[in-house]
Amino acid sequence: MTILEIECFLSICEHKTISRAAEALFITQPSLSSRLKTLERELGGELFVRKKGAREMSLTDAGKDFYKLALQYEELITKMGQIFGKQVTKLRVSSLNSLDTFLLPQVYDLFLQKHPDIELEIQDTELAVASFNIHKGDTDIAFTAGKTSDKGLKQTLAFCEPMMVVCNKNINMPRPANAQELQKHQEVFVDWSSSYTKWHDDIIGNSHPKLTVAIMSHIKQFISHKECWAIVPISVAQGLLQDQNINCVNVDFSLPYREVSIITSAKDENNISVNHFLDCLKEIVSKYPEIEIKIT
């Protein structure tokens, strides 16, 4: 079992229902139910009484015993972290795969050079999980192209970057190309954001693309070796264009911008490590004249 499963168990004990516990943890009900089942399977018995029609869940006798141990375990984890009486300064960053592949590694390198006394932890989580982790104190800053309505979090626009069309060097495509000349069956599609997808459906068309991906290495793999094309942010394009089999394409229509935001805790607006990291981000982004930095 993991600390995450125990936290899920304690949340259900506190909120009495799967739905309220899942909402508090910022995860889906099926995910929470799955974690509970995993925990019960490992323990070899049920922790909650499941009565048909009952609004709230109650603990079994074994569940009551486990609840006491879970509280002790949670306290023990906290004490273990404080055993030397000194807190290690750590920065935990959650990011988008596209940023983590091409742009942020440069920021990570600069940050580690300038602040060797701060430990850096790089996380790869979706917005809902990152938001939950920020509330728990397990993540300090998260990058996203989406939006959060969580009042306990602060969302700040970090930078805007233009999009570009990239393609395999052997693809037969007019230069410059118009939207109608981009063959949908050759597209590698990425859902960069909801606003991008709407623009894509309006301008390029909403027929199904040949391939939809979310991991940047997949874009490089297919465009480098297949006669495919994709629309990507310029920070991604700069990385892809290092491959000699990939070219950029001029188009005769306007491409959108990608807006990248940072999310932090609204209660901890003066996190020094976060501020140091953002200073490094601004320094790296300043090398890309096409990217407009928004944080001050």
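Predicted model only: the values in this text are computed from it and were never measured.
Asn170 places no side-chain N or O within 3.5 Å of a backbone atom of Glu227 that could act as its donor or acceptor partner. With hydrogens and angles ignored, the 3.5 Å screen pairs no side-chain donor or acceptor of Arg20 with any backbone N or O of Ile12. Side chain of Lys90 to main chain of Ile118: no donor-acceptor pair is present (N/O by atom type, distance under 3.5 Å, no hydrogens or angles). A donor-acceptor contact shorter than 3.5 Å links the side chain of Trp192 to the backbone of Ile231. Looking at Gln106, its side chain does come within 3.5 Å of a backbone N or O of Phe102 through a donor-acceptor pair. Under a 3.5 Å cut-off, the side chain of Asp243 and the backbone N or O of Ser224 do not form any donor-acceptor pair. Judged by distance alone, with hydrogens and angles left aside, the side-chain atoms of Trp229 form a donor-acceptor pair with the main-chain N or O of Gln183 at under 3.5 Å. Counting only distance, with no hydrogens or angles, the side chain of Glu56 and the backbone of Thr17 share no donor-acceptor pair below 3.5 Å. In this structure a side-chain-to-backbone donor-acceptor pair under 3.5 Å is missing from Ser94 to Ala130. Within the 3.5 Å criterion, the main-chain N or O of Glu40 finds no donor-acceptor partner in the side chain of Glu46.
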Could you walk me through whether His200 and Phe189 pass the ring-ring contact (aromatic ring centres under 6.0 Å, His included) check?
-> CA-CA 10 Å; His200 183 278; Phe189 176 78; 4.8 Å; yes
Worked check of side-chain contact (heavy atoms from CB on, under 4.5 Å) between Lys114 and Cys280 = CA-CA 9 Å; Lys114 288 191 171 186; Cys280 293; 4.2 Å; yes
Applying side-chain contact (heavy atoms from CB on, under 4.5 Å), run through Ile215 and His218 and close with a yes or a no.
-> CA-CA 6 Å; Ile215 300 175; His218 292 164; 3.8 Å; yes
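Side-chain contact check for Leu182 versus Met173: some heavy-atom pair is nearer than 4.5 Å. Side-chain contact between Leu278 and Ile262 is present, with at least one heavy-atom pair separated by less than 4.5 Å. With contacts defined as side-chain heavy-atom distances shorter than 4.5 Å, the pair Thr212/Asp191 does not qualify. Proximity of Ile263 to Ile141: side-chain heavy atoms (C-beta onward) are nowhere separated by under 4.5 Å. Under the 4.5 Å side-chain criterion, counting only non-hydrogen atoms from C-beta, Tyr108 is in contact with Val93. Side-chain contact between Ser217 and Thr101 is absent, with no heavy-atom pair separated by less than 4.5 Å.
Transitive grouping of hydrophobic side chains (ILVMFWY, heavy atoms separated by less than 4.5 Å) brings Leu241 and Val190 into a common cluster.
Between the side chains of Arg258 and Ser98, at least one donor N or O lies within less than 3.5 Å of an accepting N or O. If you check the side chains of Asn178 and Glu181, you find a donor sitting under 3.5 Å from an acceptor. Residues Ser34 and Ser31 bring no donor and acceptor atom of their side chains to less than 3.5 Å of each other. Side chain to side chain, Gln155 and Thr148 fail the donor-acceptor criterion of an N or O pair below 3.5 Å. Inspection of the Asp150 and His135 side chains reveals an N or O donor paired with an N or O acceptor under 3.5 Å.
Screening Tyr73, Phe48, Phe9 for a ring pair (Phe, Tyr, Trp, His ring centres under 6.0 Å) with Phe66, the sole residue that qualifies is Phe9.
The heavy-atom pair separating Ser95 from Leu104 by the smallest distance is OG-CD1, 3.1 Å. Closest non-hydrogen pair, His225 versus Asn168, comes out as N-ND2, 4.1 Å. Closest of all the heavy-atom pairs between Gln123 and Asp100 is O-OD2, 4.1 Å.
Enclosure of atom CD in Glu42 by more than 12 non-hydrogen atoms of other residues, nucleotides or ligands within 6.0 angstrom is indicated. Crowding of Lys64 atom NZ: a count of heavy atoms from other residues, nucleotides or ligands under 6.0 Å not exceeding 12. Applying the 6.0 Å contact sphere to OH of Tyr67 captures no more than 12 heavy atoms from other residues, nucleotides or ligands. Enclosure of atom CD in Glu23 is not indicated, since only 12 or fewer non-hydrogen atoms of other residues, nucleotides or ligands lie within 6.0 angstrom. No more than 12 heavy-atom neighbours from other residues, nucleotides or ligands sit within 6.0 angstrom of CD1 on Ile272. Within 6.0 Å of the OH atom in Tyr196, the count of heavy atoms belonging to other residues, nucleotides or ligands exceeds 12.
Between the CZ atom in Arg35 and the CD atom in Glu7 there is a gap of 9.5 Å [rounded to 0.5 Å].
The pair Lys282-Asp279 meets the salt-bridge criterion, since a charged nitrogen lies less than 4.0 angstrom from a carboxylate oxygen.
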